[in-house]
K.L.:
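Can you read through this structure? Questions will come right after.
Each chain gets a letter, A, B and so on, in the order the sequences are listed, and its residues count up from 1.
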Amino acid sequence: MLQTAISDLEVVSEEENGKLWHIRYPLADGAKTREGLDYIVVATTRPETMLGDAAVAVHPEDERYKHLVGKFVELPLCGRKIEIIEDEFVEREFGTGCVKITPAHDFNDYAVGQRHGLDLINVLTREAKIIGDSDIQGRLRSSYVAPFTMEDFADSALSLGIPKEYWGHDRFEARLLIEKDLYSRGLIEKIDDHKLKVPRGDRTGVVVEPYLTDQWFVDLTRETRHDGKPGPGGLKAITEPAIRVVEDGRIKFVPENWSNTYFHWLRNIQDWCISRQLWWGHRIPAWYDGDGKIYVARDETEVRTKYKLSANLALTQDEDVFDTWFSSDIWPLATLGWPQATPELKKFYPSSVLVTGFDIIFFWIARMVMMDTYFTGEVPFREVYVHGLIRDPEGQKMSKSKGNVLDPLDLVDGISLEDLVKKRTTGLIKPETAPKIEKATRRDYPNGIAPVGVDALRFTFAALASPGRDIRFDTGRAEGYRNFCNKIWNAARFVLMNCEDQDCGADAALPVELSVADRWIVSRLQKVEAETAEHFRNYRFDLLAQSLYQFIWNEYCDWYLELAKPAVLGGSDTAKRGTRRTLVRVLEASLRLLHPLMPFVTEEVWQRVAPLAAKRGDTIMLQPYPVTQPERIDEAAEADVEWLKAFILGVRQIRGEMDISPGKPLQLLIQDANTVDAERIARMRGIIDFIARIDALQLLEQGAAVPQSATALLGAMKILVPMAGLIDKGAELARLDKLINKIEGDLAKNEARLASEKFTSGAPAAVVEKERARVAQQKQELETLQQQKTSVSAL
RNA sequence: GGGUGCUUAGCUCAGUCGGUAGAGCAUCGCCCUUACAAGGCGGGGGUCGGCGGUUCGAACCCGUCAGCACCCA
């Protein structure tokens, strides 16, 4: 039993199997139903609360009971007479259409009670036991307009007619006793199975009771002060300004649609109950004198000064504490020394961004905005970044009771299946769920969880953090990013191996020569830096991760390190210097780019790489984040390297599909090279030979005889690998057919589109032009491939 | 009952301005090539949930239906 007030937000209602008791309430004063019965039947899911019934209600248009409205029933077991009233709230189809009204123990009944001036009859103690005669609780007289206090509950259990046998019994025990007694008196018409929403505390799972107590509230709903003094009420002073600051953009939600959730809650807000009956928390700063008079100030001394109380008047402080979220709402202020006007407050309030999950938008975000704006007239932060929640493989929210929690440490360090099962099935609130949990765990993690380390885990979260979407955690992704960590480590080893204790171009006075590959990777780095800045600005950590992963692995490691090898191993001094300088500088910048997502590997590697790149500093953490330098973008180098990559890909595809060992040197023939192709071949010959493993390359004259070859296309240019007797005719024909089929398919579609008058006149000229160019290109490729197919067939 | 989001490759997910669909994992083939086999190189795989509409053109815009998830009552 919680024995404290809690918030609606801390109550979860789920549908559970229960019962619907149909109970006969005898009519008083000789009244009869239309069928001539001397009782009416009331249906309820909470029979124990009938002890606190204040009325029975029927729908005003319900012909069955119209004649009974204003008459009385005799409340079974208690013997009190209570009135039959009419209220629109009653659903005629539910049960018998007669509803017991228990204003002190049900929210709907409370509202009905207010409309009809019914007594509030409390029948429970704070421990949720039926009150006994010594409990000073019971009926609150109908003149219960707030404020009232518990002392207004004047009646005793005895005077309410609550039988002694129930006194002090727990609510659910009492239910059984009451059921039994009703049975023995013939007052149970029937008991049906029934599904109902049961409200439980979200932490403890215990059934929560609506219960009348004295509490402190913050007014959030009144236009003017509740005590009648001049000045705005909470609605004007707190709630409406909190709505306004988001409406007018002083606070922005990212993603933006969370502002709707925020608005909806604030526009339907109720007064805020801020007192809790717990020992942990900030004490309520209110004091009482012997007569129960209330004094509010920061401390007792201030109370005495403020209210001019004599020193010997005994004061006691309220025992209650604040709702933790009420205390937390001034977090942005309190952490900066408020209410003192500290330099920190001046500098950091408002802060730029608050990062949070959507599940505490109500609990915390809204409350900070409300109260801090109220206290200071200025918003606490300018942006609220709302990230998703991590869910289990089925998309369910993680919870210990469901046994689907992933402990971050288990992802970092790994865990065996058996240990994971054990961890998830011990200490359960409902031990009977253990077999189900075990089964699901064995299905989801048949091999346990592989260790991935903190960096990979952090990077995975970033990579999965797409906006407006929860994260279904995927260990496969995390393992992929663990491999990425290894990749960085190994790439760094290569760079260090070739650059440490070498001339890395730190001395600006010495001449350097930059290869096309050097200029290419530097250019690419500038573009990635620009992308990175953009993704940070938009809170797109997923795209940020993607972009860095792609650059470091697919460009820096897969291509640049390979392209750098010839220069580093056998280039001139100036070429070596230029390439070493590029190797270390690009790596160093990449580490800084990546550091926010992978703090540890980047720090470790940076410590050794930074000096080579002429960077000084104790830690990467204090280094500036890389900024793009557009003047270092080199489109010509990028075009050259794109061409080079396509060239090499063509050769590799032939190797792969013709089953030529990657290590075997090849002779290449080049046909139909244009002047640009020829120039590129001449200029990048060394790198082509190295990477594609070419030991001879010859440009064929126009119309020269072509030996048996496998072919790759690069634009109009043909890359031929002579297969002198080795060619597998069938394999090469199949390979060519595959290419031809693909192009034919696309070409047919594209030609049809171009043939359509609708398209050529409707679409923008640029799009049509692009389409024409594409068709021309495809036609040429197709022609070349078909020629090739003819010549191979003829062999 | 009201609201929000989602549905794209076997799995987890990107897809900006409407202009021929991408990544990681998994899978298939070759390779222990002196940074890296937790790797390299190459390949295969998608009627973008269904239906209808707008448009020269739809994964994307509109309508509708279905399924899933979450929030509020």
K.L.:
Can you check the A:Phe484 CZ to B:A35 C1' distance for me, whole Å?
P.N.:
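Distance check: A:Phe484 CZ to B:A35 C1' gives 15 Å.
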
K.L.:
For a quick test of your reading: what N or O donor-acceptor pairs under 3.5 Å do the side chains of residues 742-751 of chain A make, sequence neighbours left out?
P.N.:
unit_1	atom_1	unit_2	atom_2	d
A:Glu744	OE2	A:Gln786	NE2	3.4
A:Asn750	ND2	A:Asp746	O	3.2
A:Asn750	ND2	A:Gln778	OE1	3.0
A:Glu751	OE2	A:Lys779	NZ	3.4

K.L.:
Among B:A35, B:G42, B:U12, which nucleotide has an atom closest to any side-chain atom of A:Arg652?
P.N.:
B:G42

K.L.:
Which stems does RNA chain B form, counting runs of 3 or more consecutive Watson-Crick or G-U wobble pairs with both distances under 3.5 Å?
P.N.:
B:1-7 with B:66-72, B:10-13 with B:22-25, B:27-31 with B:39-43, B:49-53 with B:61-65

K.L.:
On a whole-Å scale, what distance lies between the P atoms belonging to B:G10 and B:G53?
P.N.:
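Result for the P pair: 29 Å, nearest Å.
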
K.L.:
Taking the minimum atom-to-atom distance to the side chain of A:Arg493, which one of B:G42, B:C13, B:C36 wins?
P.N.:
B:C36

K.L.:
Between B:A38, B:A14, B:U20, spot the one nearest the side chain of A:Asn486, thanks.
P.N.:
B:A38

K.L.:
Begin with the C-alpha distance, continue with both residues' side-chain angles, and end with the deciding distance and a verdict on ring pair (Phe, Tyr, Trp, His ring centres under 6.0 Å) for A:Phe94 and A:His194.
P.N.:
CA-CA 11 Å; A:Phe94 182 80; A:His194 182 70; 5.8 Å; yes

K.L.:
Quick check for you: among B:G19, B:U4, B:G40, whose closest atom lies nearest to any side-chain atom of A:Asn257?
P.N.:
B:U4

K.L.:
Restricting to ring-ring contact (aromatic ring centres under 6.0 Å, His included), what partner residues turn up for A:Phe600, sequence neighbours left out?
P.N.:
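Result, ring-ring contact (aromatic ring centres under 6.0 Å, His included) vs A:Phe600: none returned.
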
K.L.:
Taking the six-membered ring for Trp, are the ring centroids of A:Tyr262 and A:Phe362 within less than 6.0 Å of each other?
P.N.:
no

K.L.:
Verify the ring-centre separation between A:Phe358 and A:Phe253: is it less than 6.0 angstrom?
P.N.:
no

K.L.:
Compute the centroid of each ring, for A:Tyr481 and then for A:Tyr549, and state whether the two points are separated by less than 6.0 Å.
P.N.:
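Between A:Tyr549 and A:Tyr481, which both carry aromatic rings, the centre distance is below 6.0 Å.
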
K.L.:
What's A:Gly762 touching, base or sugar-phosphate or nothing? Going by heavy atoms closer than 4.0 Å.
P.N.:
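Base, at least one base heavy atom under 4.0 Å.
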
K.L.:
If you look at every strand shown and take non-hydrogen atoms under 4.0 Å, does A:Arg540 touch a base, only sugar-phosphate, or nothing?
P.N.:
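Sugar-phosphate contact only.
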
K.L.:
Atom CG of A:Leu569 and atom P of B:U34: how far apart are they, to the nearest Å?
P.N.:
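Atom-to-atom, A:Leu569 to B:U34, this comes out as 13 Å.
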
K.L.:
Would a distance-only check, ignoring hydrogens and angles, find a side-chain to backbone donor-acceptor pair under 3.5 Å from A:Arg540 to A:Ala545?
P.N.:
no

K.L.:
Say you pick atom C1' in B:C62 and the same atom in B:A21; how far apart are they, in whole Å?
P.N.:
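Each nucleotide's C1' atom is 23 Å from the other's.
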
K.L.:
Checking contacts here: which listed nucleotide (B:C56, B:G40, B:U20) is nearest the side-chain heavy atoms of A:Phe759?
P.N.:
B:C56

K.L.:
Atom CZ of A:Phe363 to atom P of B:C71: distance rounded to whole Å?
P.N.:
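Going from CZ in A:Phe363 over to P in B:C71 covers 11 Å.
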
K.L.:
Counting side-chain heavy atoms from C-beta on, which of B:C13, B:G39, B:C70 comes nearest to A:Trp553?
P.N.:
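Taking heavy atoms from C-beta onward, the closest nucleotide is B:G39.
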
K.L.:
Can you figure out which of B:C13, B:C30, B:G39 approaches the side chain of A:Arg477 most closely?
P.N.:
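Selected nucleotide (nearest to the side chain): B:C13.
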
K.L.:
Once you apply a heavy-atom cut-off of 4.0 Å, does A:Ser466 come out as touching a base, just sugar-phosphate, or nothing?
P.N.:
sugar-phosphate

